[in-house]
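This structure is in structure tokens; I'll ask about it shortly.
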Amino acid sequence: MTPLYAATPSGLLLVLAVMLPASAVLAMLVLGPRHTRRIALITMALGLGVALATGIELVRSGAALTYIVGNWQPPLGIALRADGLSVMMLAVTAAVIAATGIFARDLFSLDQASCDGRLATSFWMLLMGLWSGLNLVFLSQDLFNLYVALELLTFAAVPLVCLDGRGETVAAALRYLMFALLGSMLYLLGAGLLYGAYGTLDIRLIAGASQHGAAIHIALALMIPGLIAKAALFPLHLWLPPAHAGAPAAASAVLSALVIKAPVVLILRLVVEIAPPEAAAIAGQVLAVMGAASILFCSVMALRQERLKLMIAYSTVAQIGYLFIVFPLAGIGDGSAPWGTIAWTGGALQLTSHALAKAAMFMAAGIVAEAVGHDRIRDLGGFGRVLPLSAATFGLAGLSLMGIPPSGGFIAKCLLLTAAAVGGQLWLALTILAGGLLAGGYVFRVVDRALATPAEPLVLRRPIPLRLEIVPLILAVLAVALGFLPLEPFGLLQIGRPDIAGAP
Amino acid sequence: MISLTDGFTLVFVAAGALLFLAGTLGLLRFPDTLSRLHALSKADSLGLGLIVIGLLPQMPSIAGGIKLVCVWLLAQLSAATASQLIAGIAARRKPDA
Amino acid sequence: MAESLTTVALFVLLASAAGLVVVLRSRIAIERLMAVQLLGTGGAATLLLLGTASAQPALTDVALLLVLLSAFSCAAFTLGETASDEPDERP
Amino acid sequence: MSAIALTSASLFGLCGSALVGIGLFCVIAHPELLRRLVGFNILGAGIFLVFGAVSRRGAAMGLGGDPVPQAMVITGVVVAFAATALAIALLRRLASLTGTATLDPTSPEPSETAARSEA
Amino acid sequence: MSLVFDIALVSGLIALALHVVVGRDGKGAIVAFIAFGLLLGLAWVRLAAIDVALTEAAIGGGLTGMLLLKAQAHLASRASRATPAFERNWHVPALFCGAVTLGLGYAVLSFPHPAPSLAREAVAAIDATGLGNPVTAVLLAYRAIDTLLEKIVLILALIGVWSLSTDNAWGGASYLRPAMVPEPLIFLARVLPPFGVLIAVYQVWVGADAPGGTFQAGTILAAMWLLVLLAGLRAAPETRLPTLRMMLAAGPALFILVGLMGVAVAEGFLSYPPAIAKPLIVVIEVALTLAVGGTLALLVSGPPDRAPKP
């Protein structure tokens, strides 16, 4: 019997991707606040290197990278595996975390007194923990190991929300924790049922099982809603806006751009890889309806927000919705290979461009709030004159969210629209169009204020150094630049995703 | 035919079990907190003690026996302290009750 | 022998669990704690009996842990009784 | 032996299912936040009992149960404890900052109401 | 007979759980939960999972109970209101949860026969680890990465708890001792810890071959430390202390180092050279026990509330 997983030579990179940030947490704990920032920056450089090397290795070998931890073959042991999607997520994560790190360093150094204090030190440690958890979610092949990864994310993300220590952010963090814990509990319960039915928690072993009983349907019916609660899809999104809006700007950027993507990727894995086809088809339809509802409802909510960060947070829920309408469009459940389709590419592009654009937008909003002292949209008239770069960042990122050419978001939404039209899913096509219009509404509302001429000019509470504004601008430019990229690189997404039944 | 050791074990263990029942009944039936506490600590120390004595001959090794006695000692210690703590709290509660 | 020890174990458990009726009914918090204390000791006795009945010496370890921590729970309980004296968190 | 083990495993599995329902209800519906956390622990206990039932069914090779789910439960119990500790720290902080220990929509929920009232 | 025993246990568990949900006063619910934890320990014994029974007895019956009681006391001193009533439309969640229970029960009953199990594989592979307790083998060898990352989870939780302090108190100590310490408590805090430490050492020692191990021992250590803090015999350490932080990080750090060593001298990350597998695992367990004990105790202590001494 040939083993299911064969370790690839450079598989150790996958271990490094998880263990580097985890070791950084320990090092920060021991060496204390004075070295925290330096350790973080070194880890970011190394982590970027690891992500890059993983990508190069994937392209070079044209096959998924695999590592068997401790050389214990599943089902007894745990395998890590990086296919095209995982590597893309690793790269996006490394890029956004590195950008956030540079941004946070500059932001915290505005206040010399507190740059080694509670807020900054906790932030760096939690950021590293978050990174470790994210990488593990993208790499692990074992459902219980993935539970540990989700908990790493939860425990790192929740305290980030209330770092500023105000009552309302503590309430938001508590609510977030409740939703996240409930989500992980349901997920764990499903994992237990799957173990009872298959005697393993390895995704590919379960996928390869020949017959399915009732357990897998009930397990998925528990796990997917649990993960939806973590991903903040309508109607389980209530926790997200206050949490993401209350967090410090650097933390919001990571939370919105990356953390909620992790459960989405996991749902994708569950639906595509282990759900029986007819169950996957039903799940895909339900998820698409919820995604569409998210897009419409939360875009309207975003339009009605009075505070900039809350508006951006609602926009996050809306944009997450697009990822869920991919499910029926990619033909999941009807037997065709989903990862070859237009919708699949569109979904991946949407994931990437939203990560970049949303991180940029939250950072820009953070700069505005830091400079002006508040983020009430009504009173921000003319901020484009005093903070031109941040206003530009906001506008560019907005292009991507709206799906206006030329931008990554445009290509993504265009592909999704095509897929919906070709697949005859008219209602999804209409939803995508409506979502774009609504996004245009809320982005222009802010851009309009940025360009307005107020009765009395906006006074900056404190000067903002140029370097602080550069990082978000680069992210926003990248989000737009994705639209100029030829689509070939997204062929990489298909690496390591052969038809499950005939997996080598 | 029951051997002598088994008979010894059964007698002591059964006596211990009855004391536990007595403790619970005391907890249920006695009128005030302090006398209930008294019933409880009796059951704790004597009931567990009898069961431990009863089980001692059944232990396969000396170490097992020592552990058994340790359980009883610890139970004694914690029950004694716990009942004093409870009594203290009850006494402090009295005036304002 | 094993069967009779299991029976006695059941009896002890039921006797201590009857104390749980107090947990469920009593209005005085301390009495509830007493019932928990009884359940801790009763649980330890049950474990010792079961351990001998099924020849699993490791159950003695569980019993040891149970009595150790029942004292701990009781100590924790005093925290609440002096709650008003707890120092305020500084703003 | 194995029939009894299976029955007993199913019994605890059903008990776990019941506890999951009870805990879930407590988490969703109880107005008191601290009680919700206790509910979380009951929910967790139920989930772990389902794992325990799975483990007991897998008894083989002279072991009383499959060790893999048991190890998962040990990991899970510790994680659940850490979650409770974090939640309680948040709850206490919330209580000392705002004087309330509820998040239910009837009591003023700071951030959202603030946003709404400004709207 | 043993089935009757199990039925009694299960009914007790469900009755206590229901009491926790519908009980009027908060403290009663917590005491009921502690009793629930004790019964749960017995249930795990009946499921032939002694390792889990030890963990559950220590955490569920001990530390969680203390955590909840402490929080309850704190909240009660602040918000002294009657328990708010359930919302009027509680039937909807009740129906939903009932449906979950039914579905789950159906799934539990529909598991395949014969039950799939990894017991065979776990026993077959155990020789390579030199261990005798398969649960320890799963935790520290087959699925070591779970255990390792779970330590990181604990540390993140602790950082999260610490981050909830005020800026002033950051790096300081938390304060556990109540204003008035009853005499018996001080006595207990003097006498019990030696026993506890002994039991903890014993647990780590036997954990390689018999039920027991690092989590159980760590939890006992945490409980004993908390008892000492509670009685005021020692002050809680300042959280910025390098030695304290070293103790917390040493276990997982050693684990990672040994794991990396495996890349060089064994068959990859977190694999042990068979000749010295057992000693390595025991050393890791000892270091982890200290880390777990420290982390759990500090998690219960809560965020620092005293500014660090200059």
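Naming: A, B, ... by sequence-line order, numbering from 1 per chain.
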Subject >> Pairwise distance CG(E/L109) to OG(D/S10) - rounded to 0.5 angstrom >> reply: 6.0 Å
Original post:
Non-hydrogen atoms of chain D under 4.5 Å away: do they reach the side chain of E/Q216, the backbone, both or neither?
Top reply: side chain
Original post:
If you take all heavy atoms of D/G58 and E/A115, which pair is closest and at what distance?
Top reply: N-CB, 4.3 Å
**OP:** Flag the one option from E/I30, E/T55, E/T147, E/V92 with the top tally of heavy-atom pairs under 4.5 Å to chain D.
**Re:** E/T55
Original post:
Which pair of non-hydrogen atoms, one from D/R93 and one from E/S165, has the smallest distance, and what is that distance?
Top reply: NH2-O, 4.4 Å
Original post:
Tell me, side chain or backbone of E/F96 under 4.5 Å from chain D's heavy atoms, or both, or neither?
Top reply: side chain
**OP:** Measure across E/A119 and D/L63 and return the closest heavy-atom pair with its distance rounded to 0.1 Å.
**Re:** CB-CD1, 4.2 Å
Original post:
Which of the residues E/T295, E/V10, E/L18 is involved in the greatest number of heavy-atom pairs with chain D at under 4.5 angstrom?
Top reply: E/V10
**OP:** For residues E/A17 and D/L19, report the shortest heavy-atom separation together with the two atoms involved.
**Re:** CB-CD2, 3.5 Å
**OP:** Please look at E/V100 and chain D and tell me whether the side chain, the backbone, both or neither of the residue comes under 4.5 angstrom of a heavy atom of that chain.
**Re:** side chain
Original post:
Do E/V138 and D/M72 come within less than 4.5 Å of each other through their side chains, counting heavy atoms only?
Top reply: no
**OP:** Name the option with the most non-hydrogen atom pairs under 4.5 Å to chain E; the candidates are D/I28, D/T75, D/V50.
**Re:** D/T75
Subject >> For chain D, the option from E/G60, E/P134, E/P116 that forms the most heavy-atom pairs under 4.5 Å >> reply: E/P134
Original post:
Given a strict heavy-atom distance threshold of 4.5 Å, which part of E/R143 is in contact with chain D: side chain, backbone, both, or neither?
Top reply: side chain
**OP:** Any chance you could measure E/L154, atom CG, to D/L86, atom CG, to the nearest 0.5 Å?
**Re:** 11.5 Å
Original post:
About how many Å separate CZ of D/R92 and CG of E/D305, when rounded to the nearest 0.5 Å?
Top reply: 7.5 Å
Original post:
With chain E, which of D/S55, D/G13, D/G21 has the greatest number of heavy-atom pairs at distances under 4.5 Å?
Top reply: D/G21
**OP:** Please answer whether the main-chain N or O of E/V20 pairs with a side-chain N or O of D/R35 as donor and acceptor at a distance below 3.5 Å.
**Re:** yes
Subject >> From E/L139 atom CG to D/I74 atom CD1, the distance as rounded to the nearest 0.5 Å >> reply: 5.0 Å
Original post:
Using non-hydrogen atoms only, which part of D/I88 is less than 4.5 Å away from chain E: side chain, backbone, both, or neither?
Top reply: side chain
Original post:
So what's closer than 4.5 Å to chain D heavy atoms on E/L47: side chain, backbone, both or neither?
Top reply: both
Subject >> Minimum-distance pair of heavy atoms, taken over all atoms of E/W90 and D/F25 >> reply: O-CE1, 3.6 Å
**OP:** Using non-hydrogen atoms and a 4.5 Å limit, figure out which bit of E/A49 sits close to chain D: side chain, backbone, both or neither.
**Re:** both
Subject >> Selection from E/I59, E/T136, E/D51 maximising heavy-atom pairs under 4.5 Å formed with chain D >> reply: E/I59
Original post:
With a 4.5 angstrom heavy-atom cut-off, which part of E/F111 approaches chain D: side chain, backbone, both or neither?
Top reply: both
**OP:** With a 4.5 Å cut-off on heavy-atom pairs, point out which of E/G302, E/G160, E/A43 contacts chain D the most.
**Re:** E/A43
Original post:
Which bit of D/V78 is near chain E, if near means a heavy-atom gap under 4.5 Å: side chain, backbone, both or neither?
Top reply: both
**OP:** Please look at E/L158 and chain D and tell me whether the side chain, the backbone, both or neither of the residue comes under 4.5 angstrom of a heavy atom of that chain.
**Re:** neither
Subject >> Contact origin within D/I22 toward chain E - heavy atom pairs under 4.5 Å >> reply: both
**OP:** Only one of D/T84, D/N41, D/L37 passes side-chain contact (heavy atoms from CB on, under 4.5 Å) with E/L67; say which it is.
**Re:** D/T84
Original post:
Pick from D/V54, D/V20, D/L24: which one has the most heavy-atom pairs with chain E under 4.5 Å?
Top reply: D/L24
**OP:** Heavy-atom pairs under 4.5 Å with chain D are the metric here; pick the option from E/L40, E/V52, E/V108 that has the most.
**Re:** E/V52
Subject >> Within-4.5 Å side-chain heavy-atom neighbours: E/L9 and D/F12 >> reply: yes
Subject >> E/L63 side, atom CG; D/F81 side, atom CZ - distance, nearest 0.5 Å >> reply: 4.5 Å
**OP:** Spell out, as yes or no, whether a donor-acceptor pair under 3.5 Å connects the side chain of D/R57 to the backbone of E/S117.
**Re:** no
**OP:** Give the minimum heavy-atom separation between E/V21 and D/C26, together with the two atoms involved.
**Re:** CG2-CB, 3.8 Å
Original post:
Roughly how far, to the nearest 0.5 Å, is the CG atom of D/L49 from the CG atom of E/L13?
Top reply: 7.0 Å
